[in-house]
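First the structure, in the form of structure tokens, and then the observations on it.
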Amino acid sequence: QVQLVESGGGLVQPGGSLRLSCAASGLTISTYSMGWFRQAPGKEREFVAAITRVGDRTFYADTVKGRFTISRDNAKNTVYVQMNSLKPEDTAVYYCAVRRFYGASWQVLTDYGYWGQGTQVTVSS
């Protein structure tokens, strides 16, 4: 079975940092580009960041650019997102996913699959 498991979420003050991990099993992530998305209560799931198969290119939503860094360790079958300078607006459940289909944009949600269960990030003073 393909499974993605996110971890590393929690409560952090504005300006703080968190590092989220996404560990994959049942699938070798080196075959795929990977992405992070987030969903706040009452909001639609939105693109956060993506990374190419070998990690040579990264892509970010404008809302997180300069603050978040996506990375991957294919040997560990794991993708990460380092989140710095966190803002209350970053509060959401964060999901990782496999980019199974390749459209014109990295941020197309329907191109991704094998979603993880999500990890809650709460940014509050």
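Residues: numbered from 1 along the sequence shown.
- Put simply, the side chain of Asn74 never gets that close to the backbone of Val54: no donor and acceptor are under 3.5 Å apart.
- Between Phe68 and Trp36, the ring centre distance reaches or exceeds 6.0 Å.
- Rounding to the nearest 0.5 Å places CD of Gln3 at 10.0 Å from SG of Cys22.
- Side-chain contact of Tyr32 with Arg99: a donor-acceptor pair under 3.5 Å is absent, judged by distance alone.
- A salt bridge links Asp62 with Lys65: the distance from a Lys NZ or Arg NE/NH1/NH2 to an Asp or Glu carboxylate oxygen falls below 4.0 Å.
- Residue-environment remark: CD (Gln13) stays at or below the threshold of 12 foreign heavy atoms within 6.0 Å.
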What do the steps show when you test Leu11 against Ser124 for side-chain contact (heavy atoms from CB on, under 4.5 Å), and what is the final call? CA-CA 7 Å; Leu11 175 64; Ser124 180; 4.2 Å; yes
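- The main-chain N or O of Gln39 is never found under 3.5 Å from a side-chain atom of Tyr94 such that the two would form a donor-acceptor pair.
- The shortest side-chain heavy-atom distance between Pro14 and Pro88 falls under the 4.5 Å cut-off.
- Put simply, Val12 and Met83 are part of the same group of oily side chains (I, L, V, M, F, W, Y) that touch within less than 4.5 Å, one to the next.
- A distance-only check finds no donor-acceptor pair linking the side chain of Arg19 to the backbone of Tyr80 [under 3.5 Å].
- Residues Val81 and Thr69 have side chains not in contact (no heavy-atom distance under 4.5 Å, counting atoms from C-beta outward).
- Distance check: Gln82 CD to Ser71 OG gives 8.0 Å after rounding to the nearest 0.5 Å.
- In plain terms, the two heavy atoms of Ile29 and Arg72 that are nearest each other are O-NH2, 2.5 Å.
- Counting only distance, with no hydrogens or angles, the side chain of Asn84 and the backbone of Gly16 share no donor-acceptor pair below 3.5 Å.
- Hydrophobic clustering, with ILVMFWY side chains joined whenever heavy atoms are under 4.5 angstrom apart, keeps Ile70 apart from Trp115.
- There is no side-chain donor-acceptor pair under 3.5 Å between Asp73 and Thr78.
- Ile51 and Tyr112 are assigned to two separate hydrophobic clusters, defined by single-linkage of ILVMFWY side chains at heavy-atom distances under 4.5 Å.
- Between Gln107 and Val48, the closest side-chain pair of non-hydrogen atoms is not below 4.5 Å.
- Under a 3.5 Å cut-off, the side chain of Gln120 and the backbone N or O of Gly10 do not form any donor-acceptor pair.
- Under a hydrophobic-cluster definition in which Ile, Leu, Val, Met, Phe, Trp and Tyr are linked whenever side-chain heavy atoms come within less than 4.5 Å, directly or via other members, Phe101 and Val108 are assigned to different clusters.
- Placement of Phe47 and Tyr114 in two distinct hydrophobic clusters is found when ILVMFWY residues are connected by side-chain heavy-atom separations under 4.5 Å, directly or transitively.
- Not less than 6.0 angstrom separates the ring centroid of Phe37 from the ring centroid of Tyr95.
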Walk me through it: do Tyr102 and Asp111 pass the test side-chain contact (heavy atoms from CB on, under 4.5 Å)? CA-CA 6 Å; Tyr102 293 83; Asp111 285 351; 5.8 Å; no
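- With hydrogens and angles ignored, the 3.5 Å screen pairs a side-chain donor or acceptor of Glu6 with a backbone N or O of Gln117.
- With rounding to the nearest 0.5 Å, the separation of CG in Asn77 from OG in Ser25 is 8.0 Å.
- The minimum heavy-atom distance between Val79 and Cys96, with the atom names listed, is CG1-CB, 4.4 Å.
- Two residues are said to be in side-chain contact when any heavy atoms from C-beta on lie closer than 4.5 Å; Arg38 and Val93 fail this criterion.
- Looking at Thr91, its side chain does come within 3.5 Å of a backbone N or O of Val123 through a donor-acceptor pair.
- Within the 4.5 Å cutoff, side-chain heavy atoms of Lys87 are placed close to those of Arg67.
- At least one donor-acceptor pair closer than 3.5 Å links the side chain of Thr119 to the backbone N or O of Gly9.
- Of all heavy-atom pairs between Ala24 and Leu27, the closest is CB-O, 4.2 Å.
- Relative orientation of the Phe59 and Trp106 rings is parallel, given thresholds of 30° and 60° on the angle between their planes.
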